[in-house]
Amino acid sequence: MEEKEYCQLFSDAFQLNGLSGLLTAERVNQAVRFIDYLTEENQKYNLTAICDPISIVYKHFVDSLLASNLFSGNASVIDIGCGGGFPTVPLAIFRPDLHITAIDSTEKKIRFIDAASRIAGFSVTAISGRAEVLATSDMREKADIGTSRAVASLPILVELCLPFARLGGSLIAMKGPDLSRELKEAKNAIKILGGNIEDIQSASLRLPHGATEQRNLLVVRKISSTPLQYPRAFGQIKKKHL
Ligand code: SAH
């Protein structure tokens with residue numbers, strides 16, 4: 001796709017989803033360079049199942065940015081399980097005030113994010129490792145915001161993510177349309193880990209030709225420190241959530 005077509009695509013997609021305020025020519029240029037590199041590397045190893053430019057812009061970029069107004073200015077953010085770069089890269093490009101650390105257990109994906117940030121010219125710190133291990137390091141309880149998309153069901157996710165949030169900070173989980181069962185199952189874990197459900201916002205991802213998909217954006221506030229025995233080893237987390 002030509003740069004000019006991309007500009008139109010970003011303009012249409014952002015306008016449709018109330019995100020026009022985030023658009024600048026330079027940011028779109030960075031996003032295009034990222035998408036080109038993602039598409040190229042995705043042919044060598046699996047980074048994303050979504051491959052065509054229109055779907056990447058809507059289902060990765062716009063989708064990742066639906067929660068962008070929940071991220072306070074200049075916040076330090078940790079994206080847990082960033083994979084091919086979502087929501088890390090859209091946030092890094094379109095919210096350059098944020099200080100983003102991306103973690104993933106697959107080293108290849110972290111090397112990709114690192115290279116992509118140099119090629120496209122955005123700023124992130126990319127660290128390879130498992131969340132439940134890194135959460136016991138000096139990264140524990142440091143971030144203003146922990147965030148994650150498409151990594152685990154909520155009862156597991158909160159144990160992987162909440163330990164990274166500082167006291168008074170939060171977890172912003174990007175979730176699909178049916179949250180009620182997951183939420184019920186995660187209530188106990190949230191409490192034990194020091195969290196409190198602050199807000200659940202429903203959002204619509206507006207696609208071309210009138211289609212929409214529903215999302216739930218969950219905000220959990222960290223109201224007390226996470227007890228040191230959490231997170232547990234992944235085998236234990238998976239076997240029995242809190
Ligand atoms: N957030 C991205 C990727 C989702 S796929 C997106 O929305 O497109 C899930 C990613 O989480 C994979 O890249 C996987 O390697 C990573 N992951 C799964 N469990 C993890 C853990 N315990 N610690 C760190 N990364 C993990």
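All values below come from the heavy atoms of this structure, side chains included, with hydrogens, waters and symmetry mates left out. In listed order, ligands and their atoms are each counted from 1.
The residues Lys142 and Asp138 are annotated as not salt-bridged, no charged nitrogen and carboxylate oxygen being separated by less than 4.0 angstrom. Salt-bridge check for Arg215 with Glu213: passed, with a basic side-chain N closer than 4.0 Å to an acidic carboxylate O. At a threshold of 4.0 Å, the pair Asp199-Arg221 does not count as salt-bridged, since none of the basic side-chain nitrogens sits closer than that to a carboxylate oxygen. Here Arg130 pairs with Glu132 in a salt bridge; the nearest charged N to carboxylate O distance falls below 4.0 Å.
Looking at atom 22 (N) of ligand 1, its nearest protein heavy atom turns out to be Glu132 OE1, 2.9 Å. Taking atom 17 (N) of ligand 1 as the reference point, the nearest protein heavy-atom neighbour is Ser105 OG, 3.6 Å. Here the heavy atom of the protein found nearest to atom 2 (C) of ligand 1 is Phe86 O, 3.2 Å. Protein heavy atom nearest atom 12 (C) of ligand 1, with residue, atom name and distance: Asp104 OD2, 3.5 Å.
Of the candidates Asp79, Thr101, Thr147, Asp104, Thr88 forms a side-chain hydrogen bond (donor to acceptor under 3.5 Å, both in side chains) with just one, namely Asp79.
Each of the atoms 3 (C), 13 (O) of ligand 1 lies under 4.0 Å from some heavy atom of Gly83. Taking a cut-off of under 4.0 Å to the non-hydrogen atoms of Thr106, the atoms of ligand 1 that pass are 15 (O). Less than 4.0 angstrom separates some heavy atom of Gly129 from each of these atoms of ligand 1: 24 (C).
One option in Met174, Lys109, Arg149 has a heavy atom closer to atom 8 (O) of ligand 1 than any other, and that option is Arg149. Of the listed residues (Cys82, Pro231, Gly81, Ser64), the one carrying the non-hydrogen atom nearest atom 11 (O) of ligand 1 is Gly81. When the heavy atoms of Ala131, Ala150, Ala152, Cys161 are ranked by distance to atom 9 (C) of ligand 1, first place goes to Ala150.
Considering backbone and side-chain N/O atoms, Leu160 never comes within less than 3.5 Å of an N/O atom of ligand 1. Below 3.5 Å of separation, one finds no N or O of Ile103 facing any N or O of ligand 1.
Centroid-to-centroid, the aromatic rings of Tyr37 and Phe112 come within less than 6.0 Å. Taking the ring centroids of Phe61 and Phe14, they lie at or beyond the 6.0 Å cut-off.
Side-chain contact annotation: Arg232 with His241, donor-acceptor N/O pair under 3.5 Å absent.
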